[in-house]
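Step one of this worksheet: look at the structure below.
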There are 2 protein chains.
Amino acid sequence: MLNISAEQHLSDGRNYHHGDLRRALISAARALITETQDWTFSLREVARRAGVSHNAPYNHFPEKRDMLAAVAADGFETLRQRTLQAIQSTQSAREALAKCAHAYVQNGVENPALYRLMFGSELARDNQWPDEAHAAGQRTKAVIEEIVCRGADSGEFAVDIDDTDELTGVVLSLWSAVHGLTMFVIDGMTGTSRSVPELVDQLVAMQCRGLRSRMAQ
Amino acid sequence: MLNISAEQHLSDGRNYHHGDLRRALISAARALITETQDWTFSLREVARRAGVSHNAPYNHFPEKRDMLAAVAADGFETLRQRTLQAIQSTQSAREALAKCAHAYVQNGVENPALYRLMFGSELARDNQWPDEAHAAGQRTKAVIEEIVCRGADSGEFAVDIDDTDELTGVVLSLWSAVHGLTMFVIDGMTGTSRSVPELVDQLVAMQCRGLRSRMAQ
DNA sequence: ACCTGAACACCGTTCAAGT
DNA sequence: ACCTGAACACCGTTCAAGT
């Protein structure tokens, strides 16, 4: 994954402090988020963990927010890889969508704070996201787009993928549903005792039904 | 709405500082969020705005987080009222769902920071939400549940509302989709030039299709 | 180019005290 | 019961200086 350990760097012959402090800071911050399930820790604490002075981070990030944005981008990359792996060797678009959704939700459940950072975040400044995090999010979206195109090709989904607007809208609707469910599960807002996989299955079933028949809107 | 002004308090004959500082603090914080589109302001700043010493808030909230949670609950209440009003005098469940979704998304777009606070939030401590915010969220969910029940009664939606699990799952799926879309619109992650109303319409159309026919899952 | 240490203006929270 | 003021340990960020 993206978490290159300190040892690897050192065995590289590169000095931890001079070779890749940026990466080390991101790793340290991500580890802190994973451990504490919170990101109210200080930038100084991250620097301490990385074994550098409390200002060293400013050589790599303009301010704290930008470092968190880099962690978020890292989280998006992990999510992308996990969903991508989940749809390997699936037999149908329908199955791929289900597998993707399960992997997606589980990724969030396993590290709620990181998932919250990726989306909920005060990363936005003036309601504008840092480019790095934004781009990483778009790459994650591409996985869903691939599934939709596959379903259209196979005839499973009644989507006109040559109509860019329609394709984008469908992809966005699907991502919205899966993302929303992930948030509610994480936040304990489901208000039911049903298992997470059951909820995911029901959501996917409903979305697939919506994609199959295309009556008057 | 819930924003009772200072004047109203004073005309009540109640002293602003002794009568309802809690409410005044929530209002001040909400105003700060609305103005700055951020909630990294300090608790001391909120106290300043309310014209009290920097510790007065501690008489009403155990810590800063709890005050933000109260603001979030306030935001949920506004959202609930706006969606509730949107579905008044609608002719069908289908129309109600559309109107509700439009009002919901627009509410988020009008005050992104508040919406982010309500959901994305580091309000959670140990992944557990403050009771007040949690309860307010559940009340918002009830609006969607009402629409689904109405659609089941009228035969518009093929949902067995006597099956609690199924009903909960459907409501959660719908809420997930609308919430997810709201977040993506706010975060500028839609990756399309289509208008927000168009995206909402497409999402609603897809969800309704999913609710109408019930073939083998 | 990258890192350090001192410095500045702030903050969340606690505590003893006032009414 | 509610509010104040002083105090504590911290933080983000800047700056001058070191290599």
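These figures come from a predicted structure and were not determined experimentally. Throughout, protein chains are lettered first and strands after them, A, B, ... in sequence-line order, and every chain is numbered starting at 1.
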Rounded off to whole Å, could you give me the [atom1]-to-[atom2] distance for the [X] and [N] pair?
{"X": "A/D66", "N": "D/dG12", "atom1": "CG", "atom2": "C1'", "result": "13 Å"}
{"X": "B/H60", "N": "C/dG12", "atom1": "NE2", "atom2": "C1'", "result": "17 Å"}
{"X": "A/M67", "N": "D/dC11", "atom1": "CE", "atom2": "P", "result": "13 Å"}
{"X": "B/L21", "N": "D/dC2", "atom1": "CG", "atom2": "P", "result": "10 Å"}
{"X": "A/E45", "N": "D/dC11", "atom1": "CD", "atom2": "P", "result": "7 Å"}
{"X": "B/D38", "N": "D/dG12", "atom1": "CG", "atom2": "P", "result": "15 Å"}
{"X": "A/R22", "N": "C/dC2", "atom1": "CZ", "atom2": "P", "result": "12 Å"}
{"X": "A/D20", "N": "C/dA1", "atom1": "CG", "atom2": "P", "result": "18 Å"}

Assess, by modelled atom type and distance only, whether the side chains of [X] and [Y] contain a donor and an acceptor separated by less than 3.5 Å.
{"X": "B/Q207", "Y": "A/Q207", "value": "yes"}
{"X": "A/S27", "Y": "A/R22", "value": "no"}
{"X": "B/N111", "Y": "B/Q37", "value": "yes"}
{"X": "A/D66", "Y": "A/H60", "value": "no"}
{"X": "B/T36", "Y": "B/D38", "value": "no"}
{"X": "B/S53", "Y": "B/R48", "value": "no"}
{"X": "A/E198", "Y": "A/Q202", "value": "no"}

* Structure fact -> Its dot-bracket string being built from Watson-Crick and G-U pairs below 3.5 Å, with | for another strand and [ ] for crossing, DNA chain D has the pattern ||.|||||...|||||.||
* **Contact state string [nucleotides 14-19 of chain D, B base, S sugar-phosphate only, - no protein heavy atom under 4.0 Å]** => BB----
* Report yes if at least one side-chain N or O of B/R48 is closer than 4.0 Å to OP1 or OP2 of C/dC11; otherwise report no. =>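 Indeed, a polar side-chain atom of B/R48 lies that close.
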* Between C/dT4, C/dG12, D/dC11, which nucleotide has the shortest distance from any of its atoms to the side chain of A/R44? ->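 That would be D/dC11.
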* Closest heavy-atom pair and its distance - A/T168, B/G191 ->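 In terms of heavy atoms, the two residues are closest at CG2-O, 4.2 Å.
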* To do: Can you tell me which residue pairs pass the salt bridge (Lys or Arg N to Asp or Glu O under 4.0 Å) test with a partner in residues 100-113 of chain B, sequence neighbours excluded?
  =>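 Sorted result for residues 100-113 of chain B: B/R82-B/E110.
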